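So you know, we letter chains A, B, ... as the sequences are listed, proteins then strands, and number each from 1. Just so it is clear, the model here is predicted, and its values are computed rather than measured. Just so you know, these numbers use all the heavy atoms, side chains as well, and skip hydrogens, waters and symmetry mates.
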Number of protein chains: 2
Amino acid sequence: MSTAEETAGGEPQPWGEVNPDAARRLLVAAVEAFAERGYHATTTRDIAGRAGMSPAALYIHYKTKEELLHRISRIGHEKALDVLRTAADSEGSPADRLAEAVRSFVRWHAGQHTVARVVQYELDALSPDARAEIVTLRRQNEAAVRGIIEDGVATGDFDVPDVKGTTIAVLSLCIDVARWFNAGGPRTPDQVGALYADLVLRMVGAKK
Amino acid sequence: MSTAEETAGGEPQPWGEVNPDAARRLLVAAVEAFAERGYHATTTRDIAGRAGMSPAALYIHYKTKEELLHRISRIGHEKALDVLRTAADSEGSPADRLAEAVRSFVRWHAGQHTVARVVQYELDALSPDARAEIVTLRRQNEAAVRGIIEDGVATGDFDVPDVKGTTIAVLSLCIDVARWFNAGGPRTPDQVGALYADLVLRMVGAKK
DNA sequence: GTCGAGGGTGAGCGAGCGCTTAGAGTGCCC
DNA sequence: GGGCACTCTAAGCGCTCGCTCACCCTCGAC
């Protein structure tokens with residue numbers, strides 16, 4: 001996601017890489033609808049309606065309803081992976097890097113929970129080919145987290161009996177934020193990120 | 001869930017409380033189908049077919065497709081809650097009780113991951129009334145876990161700065177097992193339960 | 001002013017959906 | 001043996017779905 005994306009900083013202006021304007025409006029509408037009702041319960045008429053267009057207009061920009069989901073899934077996964085990698089590749093101790101990775105990954109899943117919900121829970125509405133592509137991106141998430149944990153174990157900063165299992169648990173914990181997080185609730189994405197970073201450091205037995 | 005349920009011990013014989021036989025077969029078929037494809041992508045013809053019956057037979061035992069989901073949801077939630085409460089109300093230190101609660105709750109979500117998936121991810125296919133009923137059961141899950149953590153904090157066995165947030169995280173971690181657990185994978189439900197019990201004790205800073 | 005290209009619409013197609021209905025088979029009570 | 005309740009089926013109704021098609025705007029090039 002290093003491509004041009006927003007003119008002025010911040011997350012509230014995503015999908016900048018989708019052109020033309022009508023295609024982006026349709027995609028944003030689809031994200032909302034899929035997150036609210038699920039892929040299968042969403043109609044193409046609903047998506048077009050939210051974008052202020054007729055049902056037929058959707059098919060000028062996308063071949064099928066599934067192509068919309070595929071596009072959302074790929075872009076969403078790439079963004080999440082980018083967030084994770086930036087933290088994983090930063091300077092600092094394994095504990096710093098793990099805390100930052102969890103903090104930013106959770107912040108993304110909370111702040112962009114509509115996108116995240118679609119990305120995480122509608123995976124098997126995709127065709128086998130498209131799913132395979134997404135699964136590859138997902139494995140890179142896992143590799144990034146496992147890398148940090150292995151580093152910490154190697155330096156003696158972490159105490160982790162089961163690296164693979166703990167990696168799965170950490171990622172699972174972060175991802176599930178998208179399911180329960182409520183934008184109107186008492187916690188901000190930042191606060192959840194901070195709490196989770198602390199919890200994960202405990203999970204890996206990080207030395208103070 | 002203290003009603004008669006299995007004649008000989010064990011989990012592989014659930015749904016014993018559903019009668020008559022044809023109604024149970026339909027319900028089991030619905031669980032499989034919903035878990036595989038999701039509620040909205042499952043057709044009543046598919047459910048009836050899996051149960052070896054004609055499409056119309058479904059409507060002799062259930063008023064609507066949604067009633068099937070509602071029944072599955074309620075029974076599933078009640079079972080999970082039962083599992084959790086048994087551990088929460090047992091004898092022993094807060095650490096013992098928390099470990100046992102997580103172990104058995106995770107074991108259930110892994111072993112019964114088809115049911116758990118339906119129960120956890122198809123909630124908002126239900127009508128508002130039915131959803132409200134299920135949400136009540138869910139809050140009792142949270143209360144049970146929070147109770148143990150509060151006990152541990154009170155006795156000084158746990159070190160938890162944010163009890164409510166940590167409760168959410170622990171439950172979220174356990175529930176998400178249903179999403180990623182794969183029966184053909186390398187880990188058994190017991191092994192995942194043991195790993196997660198250890199991780200959760202670390203999260204609450206349990207004294208050794 | 002004409003024209004072509006591309007973004008848009010209204011109407012509607014074939015298909016599959018949830019669900020209903022009329023009626024057939026089966027077992028039980030008297 | 002007749003009547004009844006229960007279970008199940010074949011056929012199909014009405015509807016909405018994803019998607020298509022014939023046509024219409026708008027706008028820049030010349």
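- Residue-to-nucleotide proximity on DNA chain C shows that, of A:Met53 and B:Tyr39, the 5′-proximal contact is made by A:Met53.
- To the nearest angstrom, C1' of C:dG18 lies 13 Å from NE2 of B:His40.
- Under the 3.5 Å distance criterion, the side-chain polar atoms of B:His109 are matched with a main-chain donor or acceptor of B:Phe105.
- In this structure, B:Lys65 atom NZ and C:dG18 atom C1' are separated by 8 Å, rounded to whole Å.
- Atom CG in B:Leu58 sits roughly 11 Å away from atom P in C:dT20 (whole-Å rounding).
- A donor-acceptor pair under 3.5 Å links the side-chain atoms of B:Arg131 to the main chain of B:Leu126, judged by distance alone.
- What separates CD1 of A:Ile60 from C1' of C:dG6 is a distance of 9 Å, to the nearest Å.
- For A:His61, taking side-chain heavy atoms from C-beta onward, the closest of the listed nucleotides C:dT9, C:dG7, C:dG18 is C:dG7.
- One can find a donor-acceptor pair under 3.5 Å joining the base of C:dG18 and the side-chain atoms of B:Arg45.
- Note that the CD atom of A:Glu91 and the CD atom of A:Glu100 stand 13.0 Å from one another [nearest 0.5 Å].
- To the nearest angstrom, P of C:dG16 lies 18 Å from CD1 of B:Ile47.
- Contact annotation for B:Thr43: backbone-only contact, meaning every heavy-atom pair under 4.0 Å involves sugar-phosphate atoms and none involves a base.
- A distance-only check finds a donor-acceptor pair linking the side chain of B:Arg117 to the backbone of B:Ala178 [under 3.5 Å].
- The interatomic distance linking B:Leu69 (CG) with C:dG18 (C1') rounds to 15 Å, in whole Å.
- The NE2 atom of A:His70 sits 7.0 Å away from the OG atom of A:Ser127 when rounded to the nearest 0.5 Å.
- No side-chain donor-acceptor contact under 3.5 Å links B:Lys63 to the backbone of B:Leu68.
- First and last contacts of DNA chain D with chain A, using any nucleotide atom under 4.0 Å from a protein heavy atom and ordered 5' to 3', fall at D:dC17 to D:dC21.
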